[in-house]
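Just so you know, ligand 1 is whichever comes first in the structure, and atom 1 is the first atom listed for that ligand.
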Amino acid sequence: MSEKLKPETLCVQAGWQPKKGEPRVLPIYQSTTFKYDTSEQMARLFDLEESGYFYTRLQNPTNDAVAAKIAALEGGVAAMLTSSGQAANFYAIFNICQAGDHFVCSSAIYGGTFNLFAVTMKKLGIEVTFVSPDASEEEIGAVFRPNTKLLFGETVSNPSLEVLDIEKFARIAHKQGVPLVIDNTFPTPINCRPFEWGADIIVHSTTKYMDGHATAVGGCIVDSGNFDWDAYADKFPGLCTPDESYHGLTYTKAFGKGAYITKATAQLMRDLGSIQSPQNAFLLNIGLETLHLRMKQHCANAKAIAEFLEKDERVAWVNYCDLPGNKYYDLAQKYMPNGSCGVISFGLKGGRDTSIKFMDNLNLIAIVTHVADARTCVLHPASHTHRQLSDEQLMEAGVRPDLIRLSVGIENVEDLINDIKQALEA
Ligand SMILES: *Cc1c(COP(=O)(O)O)cnc(C)c1O
């Protein structure tokens with residue numbers, strides 16, 4: 001499909017390209033296995049000498065069509081679906097780093113990713129250093145080591161809503177000869193395309209806006225094909241030296257720009273699993289078909305609600321990067337001129353107890369542990385995700401005790417504001 005097509009068209013039509021007599025709608029290939037006529041045909045697939053389907057843990061046509069759509073939306077060369085956003089982040093790192101390696105990461109990231117990187121990756125012998133995304137290029141450059149293999153950040157962080165200066169991060173990474181990996185979950189490629197600003201690899205929790213209906217947990221990794229692994233071959237032996245588990249094949253030599261995703265599929269999916277089920281990929285694809293429409297509505301609703309909250313005297317503070325005056329407003333305008341996402345955080349005068357009472361009085365807006373789907377929802381991190389922490393510890397973790405995270409959906413915005421108004425009054 002032509003790369004010149006606009007994102008709206010790619011959302012609807014990219015990926016599945018039926019031939020004569022095939023279903024117009026992407027079918028669910030609910031099959032673990034695929035048939036061949038000769039033993040020799042199948043053997044060539046196992047040796048990666050030919051591409052084709054043989055077992056769904058490695059590849060499935062439904063998944064591949066959806067991955068191709070996301071690759072087209074991000075402007076990448078190849079993509080793979082994973083069972084969750086967590087799996088996508090793990091594979092994105094583990095496809096580059098091995099025991100003894102180190103990477104650098106923005107401190108403004110999702111809590112699940114923080115645990116994965118700081119605790120679990122450490123047990124695998126991979127160390128991470130966190131840096132403030134607002135630190136200078138010199139300060140961030142200074143924490144790199146000879147064994148540092150990549151730089152990682154989130155476009156808009158969940159839940160702190162800090163906006164990453166992608167070009168700055170790309171300059172730092174490339175000066176050090178390592179790729180920049182970006183979690184682009186919150187803006188989606190509709191609002192930001194990090195490859196255009198120098199990112200090399202993009203990860204998504206497709207569980208959020210891409211699915212958009214809170215029906216299927218999933219993840220995706222997209223490769224820009226731009227990072228020259230062979231230029232730093234000594235840093236990336238996994239990609240640039242022979243893989244004994246495939247008869248000494250070298251990924252960069254055999255697959256060129258497809259090396260990274262081919263290795264992630266052929267090695268990591270083969271050995272670790274975590275494939276997305278074709279059923280979930282089908283649901284994800286239906287979500288993607290309306291992503292462009294929904295993101296517009298999420299952003300418009302969130303902006304209107306943020307403006308309403310900012311004016312209300314019962315509200316102590318509002319954090320939304322599309323509001324003029326926000327610390328990240330200029331960066332948000334640069335990277336996401338059409339809007340960032342639908343997530344806002346705010347606090348009420350009266351602190352923690354007032355915030356809890358407010359949430360209990362909401363009717364339309366539900367209390368759930370989710371963000372970024374069609375239905376508006378709220379979460380109070382101090383009582384839910386971070387409830388074991390004292391107020392002092394909360395402040396240290398960057399979560400104010402009164403913080404309410406509001407994920408604005410695509411309902412009628414007046415109805416949402418009326419619900420907020422009545423809860424404020426109660
Ligand atoms: C939710 C989320 C993840 C984890 O994704 P799951 O699909 O829940 O595994 C990773 N990064 C960000 C930014 C997220 O919001």
Colleague: Under the criterion side chain to side chain contact (heavy atoms under 4.5 Å, CB included), I'd like the reasoning laid out for Leu379 against Ile367: C-alpha separation, chi angles, the key distance, then a yes or no.
Modeller: CA-CA 6 Å; Leu379 182 80; Ile367 302 173; 5.5 Å; no
Colleague: Who's the nearest protein heavy-atom neighbour of atom 13 (C) of ligand 1, and how far?
Modeller: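 Scanning the protein heavy atoms, the shortest distance from atom 13 (C) of ligand 1 goes to Asp183 OD2, 3.4 Å.
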Colleague: For Asn158, counting its heavy atoms only, list the atoms of ligand 1 lying under 4.0 Å from any of them.
Modeller: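 Answer for ligand 1: 14 (C), 15 (O).
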Colleague: Nearest to atom 6 (P) of ligand 1, what protein heavy atom do you find, and at what distance?
Modeller: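 In this structure, atom 6 (P) of ligand 1 has Gly85 N, 3.4 Å as its nearest protein heavy atom.
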Colleague: How many angstroms lie between CG in Leu331 and OG1 in Thr155, if you round to the nearest 0.5 Å?
Modeller: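 So the gap between those two atoms works out to 12.0 Å.
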Colleague: Note the single closest protein heavy atom to atom 9 (O) of ligand 1, along with its residue, its atom name and the distance in Å.
Modeller: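 So the nearest neighbour among protein heavy atoms is Gln86 N, 2.9 Å.
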Colleague: Can you pull out the closest protein heavy atom to atom 1 (C) of ligand 1? Residue, atom name and distance to 0.1 Å, please.
Modeller: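 For atom 1 (C) of ligand 1, the nearest protein heavy atom is Lys208 NZ, 1.5 Å.
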Colleague: Any heavy atom of Ala372 closer to ligand 1 than 4.0 angstrom?
Modeller: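 Judged by the 4.0 Å heavy-atom criterion, Ala372 does not count as contacting ligand 1.
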Colleague: Do Gln267 and Asp243 get their side chains close enough for a donor-acceptor pair, meaning under 3.5 Å?
Modeller: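 Looking only at side-chain atoms, Asp243 and Gln267 do form a donor-acceptor pair, the distance falling under 3.5 Å.
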Colleague: For the atom pair CG (Leu26) and CD1 (Ile286), what is the distance rounded to the nearest 0.5 Å?
Modeller: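 Going from the CG atom of Leu26 to the CD1 atom of Ile286 covers 8.5 Å.
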Colleague: Tell me whether the guanidinium CZ or amine NZ of Lys168 lies under 6.0 angstrom from the six-membered ring centre of Tyr335 and within 45° of its axis.
Modeller: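 Not flagged: Lys168 not positioned over aromatic ring of Tyr335.
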Colleague: Please list, in number order, the atoms of ligand 1 under 4.0 Å from a heavy atom of Glu154.
Modeller: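 With Glu154 as reference, the close atoms of ligand 1 come out as 13 (C).
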Colleague: Please write down residue, atom name and distance for the protein heavy atom closest to atom 5 (O) of ligand 1.
Modeller: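 Heavy-atom neighbour on the protein nearest atom 5 (O) of ligand 1: Ser205 OG, 3.0 Å.
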Colleague: For ligand 1, which atoms sit closer than 4.0 Å to a heavy atom of Thr207?
Modeller: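 The list of qualifying atoms is 6 (P), 7 (O).
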Colleague: Do Phe34 and Tyr29 make the cut of ring centroids closer than 6.0 angstrom?
Modeller: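 So the answer is no for these two rings.
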Colleague: Do Phe227 and Phe236 have ring centroids that are under 6.0 Å from one another?
Modeller: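 Ring centres of Phe227 and Phe236 closer than 6.0 Å.
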Colleague: So if I count the atoms of ligand 1 from 1 in the order they appear, which ones are less than 4.0 Å from some heavy atom of Gly218?
Modeller: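 Per the distance check, 7 (O).
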